[in-house]
Amino acid sequence: MKFEVLNTSVGEWLKGTGPESDIVMSSRVRLARNLAHYPFVSRASETERSEIEDFLHSHLTKTSVGSRLEYTNLGGLEDLDRQFLVERQLISREHADATGARGVAIDPAEQISLMINEEDHLRIQCIHSGLDLEAVWEQIRGVDEEIEAVVPYAFHQRWGYLTACPTNVGTGIRVSVMLHLPALVITRQIDKVFRSLHKISLAVRGLYGEGSQAFGDFYQISNQITLGRTEGELIAQVADVVPVLIDYERRAREFLLQETEQNVHDQVSRAFGILRTAQTISAEETMQLLSRVRMGVLLGLVDDLHVSDVNKLLVRTQPAHLQKMKGVDLDTKDRNIERARFLRSYFESGSPDDN
Amino acid sequence: MQCQQCDKQAMFHITELEAGEVRELHLCEDHARVYLNQAEADSQQEDSDTEGGPLGVGQTAKELSEIDQLVCDMCGITFFEFRNQGRLGCPNDYVQFENELEPLIANIHGEVEHRGRRPNRQKQKTVGGEVLPESTEELTRVIGMRKDIRNAVEGEDYERAGKLRDEIQKILHKWHAEQSGN
Ligand SMILES: [Zn+2]
Ligand SMILES: [Zn+2]
């Protein structure tokens, strides 16, 4: 069914296309919205949560955007399928792990997802590959306006759009850009760079893996405040700092090439070597090594491999993707073996079972 | 979300105000209990040290404990519950706890006034062609009325329950918020 279809594609955020996609993985905007006539999710009864889900589901299908999306009742899904959607960044981990009535509507291109009964009644998310915040904003604003024409969002003259947590009140907007910054990590400049970001009230977090500790060289920059500024100003706050980070990362990559080419080449080749030959490998190690190889590809140190291949592997080596591909549940030990097997065969035969 | 102290799921989301700083904690049940007991012991300590000196944002311990007892008329959440969970109960909390939330929101955002997009009410007239107000407070009253219906039914006052249902229907209709099949 549908999830099998999703499994053969890579999803929007890892397509590896769009402006600055050598460094910027994806651009995302999320809006938090609530119905005015129900308690927030954490205070709603079972019955109320079901009513909220029914209300939003039925009203969304009346919009042209909603009718294009595929609706999934998350409570009725297997754990594995929910995990699968988390790995594709179509729902949050919290949304997957929660209980009670909740759902998600996803568009076929996997750019838009509407999460129902997450922390707020409705979370609208739009994600594009590469640095593309303006287009993401245009798209999500259209979706939001369409929904608002048929759904009474809780709004207050002074506080703006009302959210379950006061940290989201006002615009309800979270603007995030996911960056791949391996050279800044290798040259040990990453902490310094991020300390400066905190000063301008932007949040940074690492990409979380299976054990939910930050790892790899992937970082997400997002706005922290949501009130007292326009959406445009909040987007600009993130958008303005991204070119600076891109410039730092490019310079660090150049520096590595000029000063320590042999060293870098060696690191990249070893990473590639492990990925091609390992017999068992964890998700964390895979991501770290893929990160090195990705940088190697972009620096021209690896032949016969494209960035899009590496991006594809980043998502398809994650636990739920592996298990969906194999068609059975696997424990951690078996997953590590299956992951290594998948990587070996991928590199041997080019791209097996690919679209 | 995972507990900040162990691998368990975080069930408690605690927002702390400390010396004008907002700190968010995400803890499992066990660690939350440990933390809250500790925090209580600390604040009693502080109480006797400073004799009701400023705690949080320019409020005394006594004022804070009075604030904690505030209850939302619609969803019934207390300010204490909100502080423990870090999550509000319903849209009315922003109206009813406005003064108490203001310093907290000012701390988080550095601002206390929305400047972003606003709903386009020109597109959302009532059935009678009236323009709806910008704020949705009237619609949020329905949350409290549903509670009143439950109470009326419990007290076997079916006439009142019926009246309330009609009233709710009227408000929902005005705001185009009826539950619908497609
Ligand atoms: Zn814990
Ligand atoms: Zn309330």
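FYI, side chains are in, hydrogens and waters are out, and symmetry mates aren't considered; it's all heavy atoms of this structure. Each chain gets a letter, A, B and so on, in the order the sequences are listed, and its residues count up from 1.
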Search all heavy atoms of [X] against all heavy atoms of [Y] and return the closest pair with its distance.
X         : Y         : answer
Ala36(A)  : Leu139(B) : CB-CD2, 3.8 Å
Thr163(A) : Leu88(B)  : O-CD1, 4.2 Å
Arg158(A) : Val112(B) : NE-O, 3.0 Å

Count the heavy atoms belonging to other residues, nucleotides or ligands that lie under 6.0 Å from CD of Glu78(A), then report whether that count exceeds 12.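 Result for CD/Glu78(A): open.
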For the interface with chain A, which of [options] has the highest count of heavy-atom pairs at distances below 4.5 Å?
options                                    : result
Leu172(B), Ile77(B), Val95(B), Val142(B)   : Ile77(B)
Gly76(B), Gly116(B), Pro91(B)              : Pro91(B)
Cys90(B), Gly110(B), Pro133(B)             : Cys90(B)
Glu111(B), His109(B), Arg146(B), Arg115(B) : His109(B)
Arg121(B), Glu138(B), Glu178(B)            : Glu178(B)

Which is it for Thr171(A) and His114(B) under the side chain to side chain contact (heavy atoms under 4.5 Å, CB included) test, yes or no, and what are the steps along the way? CA-CA 7 Å; Thr171(A) 56; His114(B) 177 58; 3.9 Å; yes
Top contributor to chain B interface from Ala149(A), Ser92(A), Pro166(A) [non-hydrogen pairs under 4.5 Å]: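 When all of Ala149(A), Ser92(A), Pro166(A) are compared, Pro166(A) has the most.
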Between Thr230(A), Ile225(A), Leu227(A), which residue shows the highest count of heavy-atom pairs closer than 4.5 Å to chain B?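 Ranked by heavy-atom pairs under 4.5 Å with chain B, first place is Leu227(A).
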Salt-bridge test for Arg87(B) and Glu119(A): reply yes if a basic N is under 4.0 Å from a carboxylate O, no otherwise.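 So Arg87(B) pairs with Glu119(A) through a salt bridge.
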Let me know if [X] has heavy atoms under 4.5 Å from chain B in its side chain, its backbone, both or neither.
X         : answer
Asp54(A)  : both
Leu234(A) : neither
Ser42(A)  : side chain
Val169(A) : both

Report the distance from atom [atom1] of [X] to atom [atom2] of [Y], rounding to the nearest 0.5 Å.
X         : Y         : atom1 : atom2 : result
Met74(B)  : Tyr38(A)  : CE    : OH    : 15.5 Å
Asn107(B) : Thr167(A) : CG    : OG1   : 13.0 Å
Thr136(B) : Leu162(A) : OG1   : CG    : 6.0 Å

Within 45° of the axis and under 6.0 Å from the centre of the six-membered ring of Phe155(A), does NZ or CZ of Arg117(B) qualify?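 Checked: cation-pi criterion not met.
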For the pair Tyr94(B) and Phe40(A), name the ring-plane relationship: parallel under 30°, tilted 30 to 60°, perpendicular over 60°.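 Correct class here is perpendicular.
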Look at the side chain of Arg141(B) and the backbone N and O of His37(A), then say whether any donor-acceptor pair between them is shorter than 3.5 Å.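 Answer holds: no.
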Would you say the side-chain atoms of Glu134(B) pair up with the backbone N or O of His156(A), donor to acceptor, closer than 3.5 Å?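 Absent.
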Heavy-atom proximity to chain A below 4.5 Å, by part of Glu102(B):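 When you check distances to chain A, atoms from both the backbone and side chain of Glu102(B) fall under 4.5 Å.
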Would you please test His176(B) and Val150(A) for side chain to side chain contact (heavy atoms under 4.5 Å, CB included) and show each step? CA-CA 7 Å; His176(B) 310 288; Val150(A) 296; over 6 Å; no
Would you say the side chain of Trp159(A) lies within less than 4.5 Å of the side chain of Glu98(B), judging by non-hydrogen atoms?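 Side chain of Glu98(B) against side chain of Trp159(A), heavy atoms only: contact under 4.5 Å found.
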